[in-house]
Amino acid sequence: MSTPTVRPDQVSDRGRDASTGGSGWDPLVVAIAAAVALVDVVFVILIGEIAHVLTVAAIVTVVGIVVMQRRRRVGLGILGVSSLLVLAAAIPFAVGHLGHPESGVDWSHTVIGLVGRLFVVALVAVAWRERPDTAARPVGVVAIGLLAVIGTVALVATAATSGDDRQEGDIELVVDATAFPERITVASGDVLFVDNTHIFRHTFTVEGTDIDVELPALQSVRIPIDLPAGSYSVFCDIPGHESMTSVLVVE
Ligand SMILES: [Cu+2]
């Protein structure tokens, strides 16, 4: 009586899902998910808001990676679903940043978050179905190449952008955090010299007027205030910066 032979790829690991033995895509899923989470953690540290939805997303990513070691498909599911949810939630915040590579931190974080999560979702689908993993290495090389391209674009665009020089008579306004001064007083015809010393982009938007000016990270911009006398509401038009408001008094 012959003994049934068992091929090595039919041996299931103890502790893993009984239906699966893993695939060569798994390390790539873990590497990209971890890289995106790391970038998010650096971002929340830079903005000084640790209690941020991206911190929760990073924790969920770590949980997914840990669970994957014991319950592979459950872990893959956590990584795939959480990436999809964060992608959907991030789109309103991301759209405005995409056209501004000159604000390198915002731009590179946004692009890495979007592209990285798209990679994670696609790779989770491939790993889940245990597709042949011969392409895993080339896909990994493409992912690293994209990361290098994103970093290079952000650095070059940031370095290539030069702000305005302050001129005599300009009224200086420094933006060094996600806050404007409570009140800005100018005479009609004055020029505001807005110096954004923050590593994030902002806008100087005056409600009910044509003044809606991009303030690139670490750049200065001259803004002529050709408005009739009166009080105007000022705000930053970037989602998440709702605390950036002020009153512009034109005398
Ligand atoms: Cu802002």
Side-chain angles (χ1 to χ4, degrees), residues 36 39-58 86-114 150-151 153-155 157-166 170-186 190-227 231-250:
V36 170
V39 169
D40 283 344
V41 168
V42 170
F43 181 79
V44 296
I45 290 171
L46 287 175
I47 63 174
E49 285 182 37
I50 304 298
H52 194 282
V53 67
L54 289 178
T55 307
V56 178
V86 176
L87 257 181
I91 285 171
F93 297 88
V95 169
H97 293 320
L98 291 178
H100 294 285
E102 73 280 5
S103 293
V105 173
D106 278 318
W107 186 83
S108 54
H109 172 246
T110 300
V111 177
I112 289 171
L114 293 180
I150 292 166
V153 169
L155 282 175
T158 301
T161 304
S162 59
D164 295 336
D165 292 326
R166 185 175 179 178
D170 286 356
I171 312 282
E172 186 171 25
L173 169 62
V174 177
V175 178
D176 60 3
T178 46
F180 286 133
E182 222 169 275
R183 185 183 172 98
I184 306 160
T185 304
V186 298
D190 277 350
V191 175
L192 267 181
F193 179 78
V194 185
D195 188 13
N196 181 14
T197 62
H198 208 202
I199 59 168
F200 301 107
R201 60 180 282 260
H202 299 288
T203 75
F204 186 89
T205 307
V206 183
E207 196 173 344
T209 75
D210 293 336
I211 300 176
D212 180 16
V213 180
E214 173 75 14
L215 305 175
L218 306 174
Q219 300 287 341
S220 303
V221 183
R222 297 182 76 238
I223 307 173
I225 307 295
D226 294 319
L227 295 172
S231 290
Y232 301 84
S233 294
V234 174
F235 61 98
C236 172
D237 196 24
I238 294 176
H241 294 203
E242 286 76 14
S243 64
M244 294 184 73
T245 60
S246 180
V247 175
L248 174 67
V249 178
V250 181

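Here, residue 1 is the first one in the sequence, and each next residue gets the next number. Scope of the values below: all heavy atoms of this structure, side chains included, with no hydrogens, waters or symmetry mates. First listed ligand is number 1; within each ligand, the first listed atom is number 1.
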Please output the side-chain donor-acceptor pairs of residues 41-58 that fall under 3.5 Å, not counting sequence neighbours, one pair per line with the distance.
unit_1	atom_1	unit_2	atom_2	d
H52	ND1	L54	N	3.0
T55	OG1	I50	O	2.5

Heavy atoms, side chains only, cut-off 4.5 Å: are Y232 and V247 in contact?
no

Tell me how many protein N, O or S atoms are closer than 2.8 Å to the Cu ion (ligand 1).
4

T178 (side chain) donor-acceptor with H241 (main chain) under 3.5 angstrom
no

Determine whether the side chains of D195 and S220 contain a donor N or O and an acceptor N or O closer than 3.5 Å.
yes

Listed by chain and number, what are the ring pair (Phe, Tyr, Trp, His ring centres under 6.0 Å) partners of F180, not counting sequence neighbours?
F204

Which pairs count as salt bridge (Lys or Arg N to Asp or Glu O under 4.0 Å) when at least one residue sits in residues 201-218, sequence neighbours excluded?
R201-E214

